[in-house]
Every structure is written in structure tokens, then in C-alpha cells.
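What's counted below: heavy atoms across the whole structure, side chains too, no hydrogens, waters or symmetry copies.
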Amino acid sequence: MRHHLLDNLDPFKERKRAKASTTKRRRTGCPSPRVVRKRDPFRVYGVNVILAHDNDDKSPVIFETTPTYANLFGTIQRAYDTRGGWTSDFMDLRAGSLLRADGGFLIMYSLEALSEVGVWRALKRTLSHNRLEIQPLEMFYPFGGSAQKPEAIDINVKVILIGDRSLYELLYEYEEDFRKIFKVRVEFDEEMAMSDGVIAEYAGRLRALSEKEGLYPFDRGAFAAMLEYGVRQAGRRNKVTARFVDIADLAREAHYNAAAVGESVVRAAHVRGALSSKMERHNLIETRIREMIQEGTLLVDVEGLSVGQVNGLSVLEIGGYSFGKPVRITATAALGKAGLINIEREANLSGRFHDKGMHIIAGYLRSQFAQDKPLSLAASICFEQSYSGVDGDSASSTEIYALASALSGLPLRQDIAVTGSINQQGDIQAIGGVNEKIEGFYDVCRIKGLTGTQGVMMPDSNVEDLMLREDILEAVAAGKFHIWPVAKVEQGIEILTGMTAGQKNGDGRFDAGTVFALMDDRLRDMAKTLKEFE
């Protein structure tokens with residue numbers, strides 16, 4: 001700097017002369033001439049601090065919400081004149097998030113980093129060599145690179161990418177450098193085990209939200225309703241959701257409901273009102289389906305008896321809103337060798353899991369009724385008035401009951417809806433969406449008229465998942481609606497038919513007068529008839 005000062009004294013002399021001439025013009029009253037501003041000649045003596053970490057500071061933690069190339073790696077700014085020319089010097093260096101996080105942690109969303117031009121490649125290169133080069137992205141300056149070439153900076157930073165599991169699997173599979181650089185994987189569960197500590201944490205978070213945003217205080221009933229909502233979102237009674245964002249949204253709407261009626265405390269009715277309003281904003285399709293069932297356009301019986309017909313339960317999800325929809329499932333059986341015919345599959349409306357469920361049904365029939373004779377039947381199973389495709393095996397037990405009715409000739413109760421999958425041993429297995437399915441059938445029974453005998457048959461292993469609406473709990477307590485948990489196919493058959501399912505005796509035959517005996521006799525006659533016919 002000393003040598004530079006001695007070799008460049010003119011700027012200092014010009015400043016002294018300019019100051020003297022300004023003083024003279026003020027004394028004479030002459031107007032000052034128009035001055036064309038140039039770049040400060042003393043700029044070369046400045047200090048451009050692009051990073052300043054105190055040794056006593058803790059490790060920096062930077063959360064970069066806009067991971068563009070310049071924001072992450074820094075850049076060299078340019079000063080343009082009136083003719084379009086540009087200049088830059090060391091004072092135009094600007095640091096990015098990677099440098100500011102040196103010695104600490106940089107957090108950003110992986111999808112944002114991948115979608116920004118040039119970021120992913122430069123990030124891999126920087127982390128592989130632990131050296132940061134500050135340069136502008138070339139594509140933004142296609143007519144000449146920067147004259148500045150700063151030295152590479154050694155950095156020590158830990159980068160944390162936030163993303164979902166599918167993106168991680170995609171990068172791990174197809175991006176070899178990703179495996180080498182991002183070696184630690186941490187998954188955060190969206191659910192927490194229910195405990196006194198978690199309940200206290202929920203209460204604390206709710207209180208903090210109320211104080212921060214000026215919400216009314218929540219009484220015990222309101223907090224219990226909020227906690228019930230969290231449990232329902234988790235889908236298990238011994239779990240509660242960790243997505244407090246959803247809880248906060250519900251709390252704000254409950255506060256609005258309380259303010260709308262002039263109360264200064266949020267109560268359970270306000271929380272339930274908020275939930276009801278939220279459902280009403282999303283349930284247009286559900287409402288239309290109920291209207292079609294009420295008008296008879298969609299055929300669903302909620303009373304009486306019928307052969308080869310039973311009510312199944314499906315779950316539809318539209319825009320994040322899920323609801324249950326009853327669907328009629330029918331089965332027919334005749335002489336032949338086609339076996340089980342999945343009408344949905346023949347019409348290209350069946351998914352892989354539904355096809356698997358049909359094969360499991362066939363395996364169950366063979367294990368029960370084909371040990372001493374061949375299965376000589378052609379049975380078709382169909383989801384009536386279903387045109388948008390069927391997937392999942394949660395209706396496999398329902399299909400078994402419809403087929404058992406078609407083979408035995410015994411009618412099934414139509415005031416009961418059935419859900420649950422089966423295995424080849426006849427065990428009823430857990431399914432998803434049990435609350436939505438029960439609530440969907442209850443709503444249909446309510447609009448058609450509750451008889452006091454209606455209900456839903458569900459897997460016994462789903463009992464811990466039940467978090468039903470308040471009106472359904474009241475209907476069950478009053479005996480107007482029923483829920484039957486079943487663990488075996490035999491239990492379900494006895495509930496639907498009112499007859500004993502039957503067990504095999506010492507001769508390997510089913511006890512006479514049972515449902516399985518009627519099915520076995522029909523299959524035996526069909527096998528004998530087909531043999532005689534051939």
C-alpha cells in the first residue's frame with residue numbers, strides 16, 4: 001500500500017484542488033460546473049469483508065430458503081456505465097451461504113437446490129474438494145467472463161438437505177456422487193407415541209401459539225378435541241401426529257369460531273365446528289355421491305337380505321380429503337373350469353393389489369374345499385357401478401362372503417357393510433382408512449334411515465385405530481349403529497348369514513347344516529356334473 005500511495009499521488013492532489021476550487025466558488029457566488037461522477041479512486045484502499053467469524057462464536061447455522069447459484073456460492077458484481085461497459089474489482093466480491101456457514105451447517109431443501117440452474121453440479125464439486133470458488137454463473141454473462149479470479153477458499157461446512165424419501169431413493173440410485181457426499185440419512189417420523197410428556201408438549205405448543213398470534217385460550221375440552229384430531233391424523237390411538245402445522249391451522253379456525261359468537265375462550269364445540277367447516281369446504285364430491293345413493297342412482301341397500309350380494313367399503317381421496325364410499329359387491333357361481341373371474345381385471349380396471357387379493361381368495365377356496373375334489377366352477381366377482389378402477393385388497397373378505405352366499409344359496413344381511421383383507425388361512429387382516437369407511441356407511445344409513453340393526457364389520461386388528469366422530473359414538477352407545485370386530489372368516493359368515501360357518505369333522509367333511517357344508521356339497525355336485533358332462 002505504501003508503494004501504491006507514492007506511485008499514485010494524483011488523486012490526493014485532485015481532491016485538494018477540488019476542495020480549494022469549491023471554497024473559491026462559494027466566496028464568488030459562481031455556480032458549480034456539472035461534475036461527471038467516476039468510480040472512487042480510493043476504492044482500492046478499501047477492505048471487502050466477505051466473512052467475519054468471531055472465535056468465540058458458536059458454529060453458524062444458515063437456513064438457505066432461496067438456494068440460487070449466487071446466494072449459495074457468492075458472485076462478483078459488475079458496475080455498468082452509461083455506454084453499457086462494465087467494470088469489477090475485489091470490492092465487488094459477494095459471499096454466499098456456503099461461505100457464511102463455514103465452520104457450521106448449511107440447511108436447504110433438496111428439491112429447490114436441484115431445480116436451480118448450475119447449483120447441483122457446483123455443490124457436488126465444492127463439497128468433494130472442500131474448496132469454494134467465487135465466480136458468477138457463466139450463462140448469466142455470455143459476452144465475456146469476469147477479469148477477477150479470486151483464490152479458492154478452503155471451507156469446512158456440513159450441508160443438510162431436506163426432502164422426502166422418494167427423492168432420496170432416486171438420488172441414491174442414479175447419482176453416484178450423492179452416496180459419497182451425503183452419507184448420513186436421518187428420517188423424521190410424522191407420528192409420536194402417546195405419553196404424558198407428549199400431551200404436555202402439545203399443550204405447551206398450543207399455549208405458545210396462542211400467545212404468539214393472540215389466540216384465545218383453549219379450555220380442557222378444546223384441548224382434548226385438538227388432541228383427538230392429532231390422534232386421528234396419526235391413524236392409531238396410541239399415536240399422535242407430529243405435524244403441528246395442521247394442529248395450528250385448526251387452532252386458528254377454532255379461535256375464529258369462538259370470536260364469531262362473542263366468546264373469549266375456545267371450547268370443544270368451536271374445535272368441532274372448525275373441523276366441520278373444513279370438511280364442508282372439501283366434501284362436494286362426497287355430498288354428490290350421497291345424493292346419488294339417496295335418489296337410487298347408485299344402488300346400495302341398507303336393509304333386507306340378498307343372495308350373492310354384500311356391501312363393501314372403499315376410500316376415495318381427492319385433494320388430500322379422504323371419505324368412505326359404500327359399494328355393492330356381487331358374486332355369481334356356475335359350472336365350469338374358469339375358476340374365479342375378476343370382472344374388474346377383465347375390464348382393465350383392477351390394480352395389482354386387488355389382483356393379488358383375488359388370487360388369495362382362490363388359494364383359500366382350494367385349501368378349504370379342494371382337498372378331495374377339483375374346483376369345477378366359474379365364479380365372477382364384480383364391484384357394481386365402479387368405473388374409475390379398483391385397487392387394494394381390503395375388500396377380499398367381502399368378496400369371500402359374496403362368493404360363499406352365491407355357492408351356498410344363503411342370503412346375506414344388507415344392513416351390514418364389510419371391510420377387511422384375508423390371507424389363505426382365512427384370517428382377517430388390518431386395512432387402512434377404517435374410520436373413513438365406517439363414517440361413510442353411517443352417513444348413508446343416516447340419510448336412508450337408521451333401523452337400529454345397521455353397522456360395519458371390520459378387522460379385529462383395527463380396533464386400536466378407531467377414532468370416530470362424536471355423532472357415531474352416540475349412535476353406537478344408543479344401539480342405533482353397531483360395529484363388529486372379526487378375526488376369522490367364519491365369524492363374518494355367521495354374522496352375515498345367522499348360521500354356523502362349520503368345521504371339518506374326523507371324516508374330513510363339514511358338519512351338516514352349516515354354511516361350509518352347503519358350499520362343499522354344491523362344489524361336489526358341480527365337480528360330479530362336470531365329469532359326467534365331459
Side-chain angles (χ1 to χ4, degrees), residues 228-229 232-233 235 272 275-276 278-303 309-330 354 383-399 401-402 412-421 428 430-459 462-463 465-476 480-486 492 496:
E228 286 178 3
Y229 175 74
R232 182 179 172 108
Q233 291 297 101
R272 295 193 181 99
L275 284 172
S276 178
K278 180 180 179 181
M279 292 175 58
E280 189 175 356
R281 292 192 298 268
H282 294 81
N283 69 347
L284 179 61
I285 302 299
E286 181 184 12
T287 302
R288 292 289 182 266
I289 291 176
R290 289 178 192 165
E291 291 177 354
M292 294 173 69
I293 293 176
Q294 186 177 12
E295 295 167 356
T297 305
L298 290 178
L299 301 178
V300 175
D301 294 331
V302 295
E303 55 184 330
Q309 175 179 303
V310 66
N311 290 322
L313 295 170
S314 62
V315 173
L316 301 181
E317 183 174 355
I318 302 174
Y321 175 72
S322 302
F323 61 93
K325 172 182 174 293
V327 59
R328 175 181 287 182
I329 297 176
T330 59
H354 184 246
F383 281 65
E384 303 292 350
Q385 294 182 294
S386 174
Y387 310 105
S388 58
V390 175
D391 202 3
D393 63 345
S394 61
S396 54
S397 65
T398 314
E399 294 163 332
Y401 301 140
L412 302 178
R413 292 177 58 178
Q414 301 301 296
D415 55 354
I416 297 177
V418 182
T419 183
S421 67
I428 305 297
I431 46 86
V434 63
N435 293 297
E436 289 82 359
K437 291 177 178 180
I438 294 175
E439 291 169 357
F441 188 67
Y442 172 80
D443 289 334
V444 171
C445 294
R446 179 176 50 81
I447 62 176
K448 284 201 164 190
L450 290 171
T451 62
T453 62
Q454 297 149 334
V456 172
M457 200 161 61
M458 54 165 283
N462 277 121
V463 169
D465 299 336
L466 290 179
M467 285 296 296
L468 298 171
R469 296 195 318 248
E470 195 71 22
D471 56 338
I472 299 181
L473 297 179
E474 294 174 357
V476 171
K480 298 179 180 179
F481 196 75
H482 308 273
I483 298 175
W484 294 275
V486 296
L496 289 170

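Residues Ile431 and Pro459 share a closest heavy-atom pair of CG1-CG, 3.9 Å. Residue Ala402 comes nearest to Val310 through the heavy atom pair CB-CG1, 3.9 Å, listed as atom of the first residue, atom of the second, then distance.
For the side-chain hydrogen bond (donor to acceptor under 3.5 Å, both in side chains) condition, the pairs that include at least one residue of residues 283-294, sequence neighbours left out, are Glu286-Arg290, Glu286-Tyr321, Arg290-Asp443. Every pair tested for ring pair (Phe, Tyr, Trp, His ring centres under 6.0 Å) that includes a residue from residues 284-303 fails, sequence neighbours excluded, so the list is empty.
Between Val302 and Phe441, some side-chain heavy-atom pair lies under the 4.5 Å cut-off. Two residues are said to be in side-chain contact when any heavy atoms from C-beta on lie closer than 4.5 Å; Trp484 and Val456 fail this criterion. You'll find the side chain of Val418 reaches within 4.5 Å of the side chain of Ser397, heavy atoms only. You'll find the side chain of Asn311 stays beyond 4.5 Å of the side chain of Ile416, heavy atoms only. In this structure, the side chains of Leu316 and Ile285 stay at 4.5 Å or more apart for every pair of heavy atoms. Within the 4.5 Å cutoff, the side chain of Phe323 has heavy atoms near those of the Ile318 side chain. In this structure the side chain of Leu468 reaches within 4.5 angstrom of the side chain of Ile483, judged on heavy atoms. Between Arg328 and Thr330 the shortest side-chain heavy-atom distance falls below 4.5 Å.
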Assess whether side-chain hydrogen bond (donor to acceptor under 3.5 Å, both in side chains) is satisfied between Glu303 and Gln454, documenting all intermediate values. CA-CA 8 Å; Glu303 55 184 330; Gln454 297 149 334; over 6 Å; no
Let's go through Lys437 and Ser394 carefully: what are the C-alpha distance in whole Å and the side-chain angles of both, what is the deciding distance for side-chain hydrogen bond (donor to acceptor under 3.5 Å, both in side chains) to 0.1 Å, and is it a yes or a no? CA-CA 11 Å; Lys437 291 177 178 180; Ser394 61; 3.2 Å; yes
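Remark: aromatic rings of Phe383 and His354 are close, center separation under 6.0 Å.
Of the residues Arg232, Lys325, Arg446, the one that meets the salt bridge (Lys or Arg N to Asp or Glu O under 4.0 Å) test with Glu439 is Arg232.
Residues forming a side chain to side chain donor-acceptor pair (under 3.5 Å) with Asp465 (at least two apart in sequence, or on another chain): Arg236, Asn462.
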